[in-house]
Structure formats: C-alpha cells, structure tokens
Amino acid sequence: RSVLILTAVMTGVFFLAYTAIVPGRSYLLSAETGRKSNVLFVAVVVVVFAGSVASAYFVSRLYQSVYLYNKVIASTTGTYSLDAVEAGIAEAFDLFPNDIYAKQLALYELAEINRLLLIETPTETDREQFELLVGKGLNAARLATQIDPTEQLNWQVLGRIYSALSLVGIEGAYNQAKEAYNLSKQQNPQHPSVYLLEAQLELSANK
C-alpha cells in the first residue's frame with residue numbers, strides 16, 4: 001500500500017514539475033468558457049462509473065454462483081439430499097444462468113431415475129417419484145441444450161434420460177434418444193462416448 005501511495009505522490013510531483021518547465025502545455029477547464037466540455041466530461045465520468053458498478057455487480061454474482069455451485073457439488077461426495085442439491089443448483093443458476101449447472105442437475109436426476117429402475121417391485125410412491133424425476137430431468141437437460149446447443153455433452157445427457165425411458169417402454173423415447181445423440185454427433189463427430197451411448201440404446205431396444 002505504501003508503494004502505491006508513494007507512486008501517486010511522485011506522479012503528482014512529476015506533472016507539477018512538467019507544468020512549471022513547459023507552461024505552454026498546461027490546460028484549464030472553465031465553467032464559463034468550457035461549459036460543453038465540462039458537461040461532456042461529467043457524462044463520461046458517469047458512464048465510466050456506471051460501467052464499473054455494473055461490472056462489479058456482474059462479477060460479484062458470478063463469484064457467488066460459482067462458490068455456491070462448488071459447495072453443492074462438494075456436498076454430494078457421500079450421502080446427500082437430492083432436494084437440497086436441486087435447491088442449491090437452482091440458486092446458483094438464478095445468480096448466473098449456466099448450461100453446466102442445468103446439465104449437472106439433469107445428471108443427478110438421471111442417477112435417481114436409474115436407481116428407481118432397478119427396483120423390482122416399485123410401489124405407487126416409487127412410480128410417482130419416477131414421473132416427477134423424469135419431468136425435472138428432461139426440463140434441466142433441455143434447458144442446458146437451449147443455453148448452449150453447441151455443447152455435445154448437453155445433448156448426450158438429454159439422450160441418456162430418453163434412453164432410460166425407453167427401457168420401460170415409454171412411447172417415442174427411443175426415437176428422442178436417437179435424435180439427441182445425432183445432435184451430439186453434429187457438434188463433435190469424433191467424440192467416442194456418443195457411439196457407446198448409441199450402442200447401449202440399441203442393445204436395450206434388442207437391436
């Protein structure tokens with residue numbers, strides 16, 4: 001801090017000495033003779049100040065969003081509450097909309113969907129929870145593809161949810177999964193994971 005203060009002082013001394021040596025280079029702003037210049041100067045200052053405040057606000061929300069998102073992810077290393085994860089990611093998304101947040105939320109929903117699919121004799125509560133998770137998962141995955149349709153992984157997550165639905169015979173789910181995987185390949189045809197996902201889809205459909 002002392003170095004910055006010293007720098008400011010020496011800069012002032014330098015300009016003062018320069019003005020004394022070269023008096024022809026000094027400038028004067030007068031409210032009487034330079035009214036337009038003063039108004040323009042004030043306008044520029046206001047614009048710069050407003051831009052600085054807006055930038056600080058933007059950076060602050062971005063930082064809070066990333067911090068909250070990382071905190072939520074860290075809380076899922078062991079047992080966790082899906083409701084708490086959903087709320088945390090939703091809060092981070094409200095601060096700074098990001099397709100990564102939506103995609104990650106869809107992955108958590110997909111994991112719970114797959115868990116319910118492994119239950120041999122699901123109860124009515126399990127079925128209701130399954131339908132709820134499917135709705136949330138599809139909404140989150142579609143939101144991710146809308147925010148960034150060029151991200152191949154967003155389409156893959158959407159395809160994986162439809163692929164899970166095809167396992168239980170949901171009409172149209174197979175074709176929806178195929179379409180999502182095709183859109184993923186359009187973004188990056190060299191990525192190997194989408195071909196593995198397609199193979200798993202075909203296998204689950206007995207093709």
Side-chain angles (χ1 to χ4, degrees), residues 51-118 126 128-168 170 172-198 200-201:
S52 299
V53 171
S55 298
Y57 177 74
F58 174 83
V59 172
S60 174
R61 288 180 67 89
L62 174 60
Y63 173 80
Q64 294 178 43
S65 174
V66 173
Y67 172 79
L68 181 59
Y69 174 75
N70 289 334
K71 183 179 179 181
V72 172
I73 298 302
S75 69
T76 62
T77 54
T79 57
Y80 62 90
S81 167
L82 182 59
D83 291 337
V85 170
E86 291 173 345
I89 294 181
E91 185 177 354
F93 186 88
D94 289 339
L95 288 169
F96 189 80
N98 191 317
D99 66 296
I100 295 177
Y101 300 167
K103 178 184 65 180
Q104 188 61 45
L105 180 58
L107 285 172
Y108 284 122
E109 308 287 2
L110 176 61
E112 191 65 14
I113 289 172
N114 288 330
R115 184 190 70 81
L116 291 174
L117 287 176
L118 295 176
D126 292 332
E128 292 177 356
Q129 187 179 7
F130 178 83
E131 293 178 359
L132 181 62
L133 289 168
V134 167
K136 290 181 178 180
L138 288 176
N139 287 337
R142 287 169 180 161
L143 180 59
T145 61
Q146 292 170 4
I147 296 175
D148 188 1
T150 65
E151 173 53 59
Q152 58 178 349
L153 297 180
N154 292 340
W155 293 109
Q156 290 184 25
V157 172
L158 180 60
R160 289 172 62 185
I161 295 177
Y162 278 120
S163 181
L165 296 180
S166 70
L167 288 173
V168 291
I170 302 297
Y174 171 83
N175 291 331
Q176 292 284 357
K178 288 281 289 184
E179 181 181 355
Y181 292 152
N182 286 332
L183 289 170
S184 175
K185 286 191 292 186
Q186 288 180 15
Q187 306 308 321
N188 186 359
Q190 303 300 323
H191 201 283
S193 64
V194 67
Y195 296 100
L196 175 61
L197 292 173
E198 278 191 315
Q200 293 172 342
L201 175 65

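Side chains are part of it too, since the values below use all heavy atoms of this structure and drop only hydrogens, waters and symmetry mates.
In this structure, the side chains of F130 and L165 come closer than 4.5 Å at one or more pairs of heavy atoms. Inter-residue side-chain proximity for H191 and K185 is flagged as unmet; no heavy-atom pair is nearer than 4.5 Å. Proximity of Y67 to V72: side-chain heavy atoms (C-beta onward) are nowhere separated by under 4.5 Å. Within the 4.5 Å cutoff, the side chain of Q129 has heavy atoms near those of the E112 side chain. Inter-residue side-chain proximity for E179 and N175 is flagged as unmet; no heavy-atom pair is nearer than 4.5 Å. Between Q104 and Y69, the closest side-chain pair of non-hydrogen atoms falls below 4.5 Å. Looking at N182 and E198, their side chains come closer than 4.5 Å, going by heavy atoms from C-beta outward.
Listed here is the closest heavy atom pair of D148 and N154: O-ND2, 3.1 Å. Here the closest non-hydrogen pair linking A177 and L201 is CB-CD2, 3.8 Å. Contact detail for A173 and S166: the closest heavy-atom pair is CB-N, 3.6 Å. Scanning all heavy atoms of the two residues, the minimum distance from S184 to Q152 falls at OG-O, 3.2 Å. Considering all non-hydrogen atoms of both residues, Q187 and T150 come closest at OE1-CA, 3.4 Å. Nearest heavy-atom pair, A106 versus A141, reported as atom, atom and distance to 0.1 Å: CB-N, 3.8 Å.
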Worked check of side-chain contact (heavy atoms from CB on, under 4.5 Å) between N188 and W155: CA-CA 11 Å; N188 186 359; W155 293 109; over 6 Å; no
task: Check the pair S163 / Y181 against side-chain contact (heavy atoms from CB on, under 4.5 Å), numbers first and verdict last.
output: CA-CA 10 Å; S163 181; Y181 292 152; 3.9 Å; yes
task: Please lay out, stage by stage, how E128 and L132 fare under the test side-chain contact (heavy atoms from CB on, under 4.5 Å).
output: CA-CA 6 Å; E128 292 177 356; L132 181 62; over 6 Å; no
field: Intermediate values then yes/no, side-chain contact (heavy atoms from CB on, under 4.5 Å), L105 and E109
entry: CA-CA 6 Å; L105 180 58; E109 308 287 2; 3.8 Å; yes
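Rounding to the nearest 0.5 Å places CZ of R115 at 13.0 Å from CG of L110. Between Y101 atom OH and L95 atom CG the span is 8.5 Å, to the nearest 0.5 Å. The structure places CG of L158 at 10.5 Å from CG of N139, a figure rounded to the nearest 0.5 Å. Here the CD1 atom belonging to I89 is positioned 11.0 Å from the CG atom belonging to N98, to the nearest 0.5 angstrom. Taken to the nearest 0.5 Å, the CD atom of Q176 stands 12.0 Å off from the CD1 atom of I170. In this structure, CD in E131 is found 11.0 Å from CG in L116, a value given to the nearest 0.5 Å.
Judged purely by distance below 3.5 Å, without hydrogens or angles, the side chains of S193 and Q156 pair a donor atom with an acceptor atom.
Each of L82, I161, L138, N114 was scored for a side chain to side chain contact (heavy atoms under 4.5 Å, CB included) with L133, with one residue passing: L82.
More than 12 heavy atoms of other shown residues, nucleotides or ligands fall within 6.0 angstrom of atom OH in Y80.
Partners of T76 by side-chain hydrogen bond (donor to acceptor under 3.5 Å, both in side chains), not counting sequence neighbours, listed by chain and number: Y108.
Ion pairing between a basic and an acidic side chain is recognised when a charged N comes within 4.0 Å of a carboxylate O; E151 and K103 show no such pairing.
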